[in-house]
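Contents: one structure, followed by commentary.
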Amino acid sequence: MSIVLYNTKTKKKDVFVPLIPGQVSMYVCGVTVYDDCHLGHARSALTFDMIRRYFEFAGYQVKYVRNFTDIDDKILNRAKQEDVPWHDISERYIQNFYRDMGALGITKPTAEPRATEHMQDILNMIEGLEKNGIAYQLEGDVYFSVKKFALYGQLSGKNLEELQAGARVEVDTRKQDPMDFALWKAAKQGEPGWDSPWGKGRPGWHIECSAMSVAELGPTFDIHGGGKDLIFPHHENEIAQSCAYTGKEFARYWVHNGFVTVDKEKMSKSLGNFFTIREILDKSSVSDSEAIIGECLRYYLLSTHYRSDLNFSEQSLPEAKSAMDTIYGLIQRLEEPGVQEQPAGEGDLESILKQFSHKFHESMDDDFNSPKALAVFHQLRGEINKLLVKGVSKETKGKILEIFKKYGEPLGIFQIDLRDWKFGIVPTVKSTIEHTSKVSLTIKLVDPTEEWIEQQIQLRNEARAQKDFSTADTIRKELAEQGIILEDRPDGTTRWKR
RNA sequence: GGCGCCGUACCCAAGUGGUUAAGGGAGCAGUCUGCAAAACUGCGAUUCAGCGGUUCGACCCCGCUCGGCGCCUCCA
């Protein structure tokens with residue numbers, strides 16, 4: 001089966017045919033490291049992590065490049081504010097980025113170039129553009145002449161006349177055309193600068209991605225990704241620069257993810273309606289619940305198609321958690337040794353698993369339809385639960401368990417060891433005021449030892465045996481207050497979970 | 001002003017020119033249970049913002065209207 005993906009360039013779903021059979025080369029715009037990343041950044045990283053994982057699941061070898069913009073006005077401003085060297089800022093937020101992505105189970109790309117490490121590539125490209133007559137110098141700055149690139153506007157569906165008509169930017173009158181964008185910016189007093197043919201300066205934002213993608217993946221590569229807010233002007237500019245420089249096709253498939261919104265509005269710094277990954281994770285009172293919240297966030301983000309916007313609200317995480325609990329509950333039952341179960345319900349297993357695999361691939365092959373894939377998981381859950389009621393052998397349970405782990409892998413869910421999963425916690429996020437980042441996330445948790453829990457259960461079951469139900473109920477209630485949930489089995493034994 | 005996206009049950013959310021319109025959360029009822037919990041079973045949109053059109057047939061295609069949002073400035 002072939003994978004089909006929506007290509008912004010052609011505005012339709014295209015069958016994916018890689019440049020080199022069996023391999024995928026992909027470049028994704030990373031973050032500018034001047035602050036902690038929020039859910040919106042996480043969504044982009046997660047979308048392409050899922051795409052990468054699924055390609056690998058489908059047998060491709062993936063070259064995945066995601067950059068860091070580590071020199072930029074925002075970084076310089078922040079450094080000025082804090083009165084620290086600019087690279088302290090970028091280094092700090094690169095580390096924070098890793099920490100947050102780690103919690104979300106986002107795997108590291110195969111290469112993570114930083115703009116400052118590719119200064120020579122950037123300079124070469126600008127010089128090349130200047131030689132081609134498509135870039136011009138202006139008092140130490142270098143600009144790209146948009147009019148000289150005929151295909152400008154093709155990706156975003158904009159044309160120059162309309163852009164000019166609607167331009168609300170204050171026009172730099174020195175530029176040949178208001179739409180021309182900076183390739184190189186001359187360093188102002190006190191600002192860091194790199195030597196160049198035009199004097200000390202630093203690269204413009206757009207050229208970095210062109211230079212780094214071409215340096216890492218060559219002039220033409222398969223997929224270029226990013227948030228849909230980057231389509232114009234960032235990706236439009238990248239195409240112009242790269243094609244004008246190499247004379248070859250740039251990215252073959254353009255993939256863009258939708259926004260995370262709050263009250264239907266795009267989550268962003270300027271509106272102040274953002275939730276950082278850190279503030280969500282930090283509220284977790286028990287250290288090892290971070291992975292759980294991470295998976296819940298992942299499940300939540302994957303429960304909407306990557307191209308749609310999704311609205312973050314107070315119920316988002318609790319709903320994801322409840323849905324995941326049902327599957328981890330099944331995993332728990334599958335891991336139990338079981339009581340004298342005669343395998344009576346295994347007859348349909350083969351066809352159930354075959355169906356599942358087929359539907360899973362069908363969903364993901366169709367433009368990475370993760371919400372559909374999750375639905376397929378829940379359908380499997382129902383089928384397996386029915387089988388378990390009838391009785392299933394230990395070997396079969398193990399086999400099913402492997403399926404959940406294996407197919408959960410491309411989505412990055414159901415990967416937590418059962419003993420670390422906590423059924424009792426409910427991550428609740430409360431946004432008190434509209435358009436602010438006020439978050440109160442409460443996770444009620446305590447951590448009684450397993451021995452103590454087993455002991456309590458034994459006491460309770462002794463009471464139950466003597467029909468002393470009030471004592472039994474008291475014990476159950478006390479355990480419940482500690483986040484321990486009891487489930488009595490038909491044979492008189494008791495299962496517990498946190 | 002230009003370009004574009006979205007509106008599916010109480011909430012979240014897939015989807016197709018003819019299907020029983022997935023799945024999750026919440027809810028209700030039943031089975032099971034000492035009671036619970038879990039699991040299972042059943043109920044829940046005769047309908048896909050509204051109105052027209054195309055069609056043998058549209059929620060899906062086209063047009064308009066209403067409502068929401070995005071890009072055009074840094075933005076994942």
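Letters go in sequence order (proteins before strands), and every chain restarts at 1.
- A donor-acceptor contact under 3.5 Å is formed by the side chain of A:Lys74 with the base of B:rC74.
- Nucleic acid contact class of A:Thr326 (heavy atoms, under 4.0 Å, all strands): sugar-phosphate only.
- Judged by atom type and distance alone, A:Gln315 does not reach the base of B:rG25 through any side-chain donor-acceptor pair under 3.5 Å.
- Residue A:Arg66 comes nearest to A:Pro113 through the heavy atom pair O-CD, 3.6 Å, listed as atom of the first residue, atom of the second, then distance.
- Residue contacts for A:His305: at a heavy-atom cut-off of 4.0 Å it reaches the sugar-phosphate backbone alone, with no base atom in range.
- Remark: C1' of B:rG25 and CD of A:Glu319 are 4 Å apart, rounded to the nearest angstrom.
- Judged by distance alone, the side chain of A:Asn7 and the main-chain N or O of A:Trp254 form a donor-acceptor pair under 3.5 Å.
- Look at the P atom in both B:rC48 and B:rC40: the space between them is 32 Å, to the nearest Å.
- Using a 4.0 Å heavy-atom cutoff across all strands shown, A:Tyr300 reaches no nucleic acid atom at all.
- Spacing between B:rG63 and B:rG4 at atom P, rounded to whole Å, works out to 11 Å.
- In this structure, A:Arg464 does not reach the B:rU33 phosphate: none of its side-chain N or O atoms is under 4.0 Å from OP1 or OP2.
- Salt bridge A:Lys477/A:Asp473: absent, no basic N to carboxylate O contact under 4.0 Å.
- Remark: the separation of the C1' atoms in B:rA14 and B:rG25 is 15 Å, to the nearest Å.
- Per the geometry, NZ belonging to A:Lys228 stands 9 Å off P belonging to B:rG70, to the nearest Å.
- At a threshold of 4.0 angstrom between heavy atoms, the contacts of A:Gly329 with the nucleic acid are absent.
- Each of A:Leu310 and A:Lys11 has a nearest nucleotide on RNA chain B; the 5'-most of these lies closest to A:Lys11.
- In this structure, A:Phe259 atom CZ and B:rC5 atom P are separated by 14 Å, rounded to whole Å.
- When heavy atoms are screened at a 4.0 angstrom cut-off, A:Leu486 is found touching base atoms of the nucleic acid.
- A:Asp229 contributes no side-chain N or O that forms a donor-acceptor pair with the base of B:rG70 under 3.5 Å.
- Taking a cutoff of 4.0 Å between a charged side-chain nitrogen and a carboxylate oxygen, A:Lys185 and A:Asp73 qualify as a salt bridge.
- For A:His41 and B:rA76, the shortest distance from a side-chain N or O to OP1 or OP2 is below 4.0 Å.
- Contact of A:Arg476 with B:rA36 (side chain to base): a donor-acceptor pair of N or O atoms is detected under 3.5 Å.
- Side-chain nitrogen and oxygen atoms of A:Lys386 include at least one within less than 4.0 Å of the OP1 or OP2 phosphate oxygen of B:rU41.
- Within the 4.0 angstrom heavy-atom criterion, no nucleotide atom of any strand lies near A:Lys467.
- Taking the P atoms as reference points, B:rU54 lies 15 Å from B:rC62, given to the whole Å.
- To the nearest angstrom, C1' of B:rC40 lies 11 Å from CZ of A:Arg381.
- Contact check, A:Asn369 against B:rG15: a side-chain N or O comes under 4.0 Å of OP1 or OP2.
- One finds no side-chain N or O of A:Ser363 lying less than 4.0 angstrom from the OP1 or OP2 phosphate oxygen of B:rG15.
- Taking the six-membered ring wherever Trp is involved, the centroid distance between the rings of A:Phe250 and A:Phe221 falls below 6.0 Å.
- An OP1 or OP2 oxygen of B:rA76 is reached within less than 4.0 angstrom by no side-chain nitrogen or oxygen of A:Asn257.
- At a cut-off of 3.5 angstrom, counting only N and O atoms as typed in the model, there is no donor on one side facing an acceptor on the other between the side-chain of A:Asn311 and the base of B:rC12.
- In this structure, the ring of A:Phe55 has its center less than 6.0 angstrom from the ring center of A:Phe368.
- Side-chain N/O atoms of A:Lys158 and base N/O atoms of B:rC71 include a donor-acceptor pair closer than 3.5 Å.
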